[in-house]
Amino acid sequence: MSAKAVVRMPGEGKELNLAGKSLRFLVAGEDTKHTSMFDWTLPPGFFTGLHVHRVQEETFFVLEGECEWEVGGRKITATPGTYVFIPPGVPHNIGNASGKTARMIMTVSPPGHEHYFEELAKLIAQSSPPDAGAIAELRERYDTTQISTLRK
C-alpha cells in the first residue's frame, strides 16, 4: 500500500475489457489497505450469476442505465442513484437485463479483487463460451462461491 493520496482524473486508472466493456480500477490494493473501487460498465445481457462471498463486502452505486439485481432473495430494478451494500454471506446476482449499457461504481473490501478481474478478463477473452471450470476455480480462489452461472 502506498502512503499517498490517489487522484484519478476522468479516463485515468488501469482499464480492463470485461465482456466487451470497460472496468476501470480507481483504487486497488497497492493504494489502500481497506477497499478497492472500480468504475464498471456492464453490457446488455451480462449477469454475474448468483454467488456469495464469505469475507468480502461489496457496494454498488448505479451511475447510468438500468440493472436487474437479486440481493438476498430480493429482486431490484437498479436505476441511476440506486445504492446497495452487500455484506458477507448474502447471495447476489448483479446484471443488466436492459438493452442498453449500464455503468456503476463498485467497491470491494478488503482489497485484492482487482486480481480476480484481471484473471477473469483473460479467461473470458480466451474462449466463447468461457471455460466454466476455470471460472469456478478462479472464483473460489477469490472468495466467491458460485450458485448459478455467469452470463455474458
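Position 1 is the first residue of the sequence, and the numbers go up from there. All heavy atoms count here, side chains included; hydrogens, waters and symmetry mates do not.
A pairwise comparison of heavy atoms in P80 and G65 identifies CD-O, 3.1 Å as the closest pair. The two residues P111 and G29 have their closest heavy-atom pair at CB-CA, 3.7 Å.
One hydrophobic cluster, built from ILVMFWY side chains closer than 4.5 Å, cannot hold both L138 and V52; they sit in different ones. The cluster map of Ile, Leu, Val, Met, Phe, Trp and Tyr, joined by side-chain heavy atoms under 4.5 Å apart, puts W40 and L123 in the same cluster. Cluster membership for L26 and L16, using ILVMFWY side-chain heavy atoms within less than 4.5 angstrom, is not shared. When the side chains of ILVMFWY residues are joined at heavy-atom separations under 4.5 Å, either directly or via intervening members, I94 and I147 end up in two distinct hydrophobic clusters.
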*Under the salt bridge (Lys or Arg N to Asp or Glu O under 4.0 Å) rule, what do E140 and R54 come out as? Steps first, then yes or no, please.*
CA-CA 10 Å; E140 279 299 320; R54 296 170 298 281; 3.8 Å; yes

*Between R141 and E137, does a salt bridge (Lys or Arg N to Asp or Glu O under 4.0 Å) hold up when you go through it step by step?*
CA-CA 6 Å; R141 279 193 291 119; E137 187 276 327; 2.7 Å; yes

*In sequence, state the C-alpha distance, the side-chain angles, and the governing distance for E118 and K14, and then conclude on salt bridge (Lys or Arg N to Asp or Glu O under 4.0 Å).*
CA-CA 10 Å; E118 290 167 335; K14 180 176 181 173; 2.5 Å; yes

*Check the pair S109, H34 against side-chain contact (heavy atoms from CB on, under 4.5 Å), reporting the backbone distance first and the verdict last.*
CA-CA 6 Å; S109 299; H34 296 290; 5.6 Å; no

_Audit row: W69, V62, side-chain contact (heavy atoms from CB on, under 4.5 Å) steps and yes/no_ = CA-CA 11 Å; W69 298 344; V62 178; 3.6 Å; yes

_Let's go through I135 and L120 carefully: what are the C-alpha distance in whole Å and the side-chain angles of both, what is the deciding distance for side-chain contact (heavy atoms from CB on, under 4.5 Å) to 0.1 Å, and is it a yes or a no?_
CA-CA 7 Å; I135 289 176; L120 180 62; 4.1 Å; yes

_Evaluation steps, side-chain contact (heavy atoms from CB on, under 4.5 Å), between Q126 and I124_ = CA-CA 6 Å; Q126 287 174 355; I124 289 174; over 6 Å; no

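Proximity of a side-chain donor or acceptor of N96 to a complementary backbone N or O of L42 within less than 3.5 Å is detected. S36 places a side-chain N or O within 3.5 Å of a backbone atom of V108 that can act as its donor or acceptor partner. Panel note: side chain H51, backbone G49; a donor-acceptor pair is recorded below 3.5 Å. Listed for the D39 side chain is no donor-acceptor partner under 3.5 Å among the backbone atoms of R24.
Only one option out of I105, I86, V71 pairs with F60 in a side-chain contact (heavy atoms from CB on, under 4.5 Å); it is I86.
Counting heavy atoms from C-beta outward, F46 and K21 have side chains that stay 4.5 Å or more apart.
Atom CE of M104 and atom CG of L23 lie 10.5 Å apart (nearest 0.5 Å). Atom CG of N93 sits about 5.5 Å away from atom OG of S148, to the nearest 0.5 Å. The distance from the CZ atom of R103 to the CZ atom of F61 is 11.0 Å, given to the nearest 0.5 Å. Going from atom OG1 of T35 over to atom NE2 of H113 covers 11.0 Å, rounded to the nearest 0.5 Å. The CE atom of M37 lies 6.5 Å from the OG1 atom of T59; values are rounded to the nearest 0.5 Å. How far CD of E15 is from CZ of F25: 10.5 Å, rounded to the nearest 0.5 Å.
E58 and H53 form a side-chain donor-acceptor contact under 3.5 Å, judged by distance and modelled atom types alone. No side-chain donor-acceptor contact under 3.5 Å links E64 and T101. A donor and an acceptor atom, one from each side chain of Q56 and Y142, are nowhere located under 3.5 Å apart. A donor atom on one side chain and an acceptor atom on the other are not found under 3.5 Å apart for E66 and T79.
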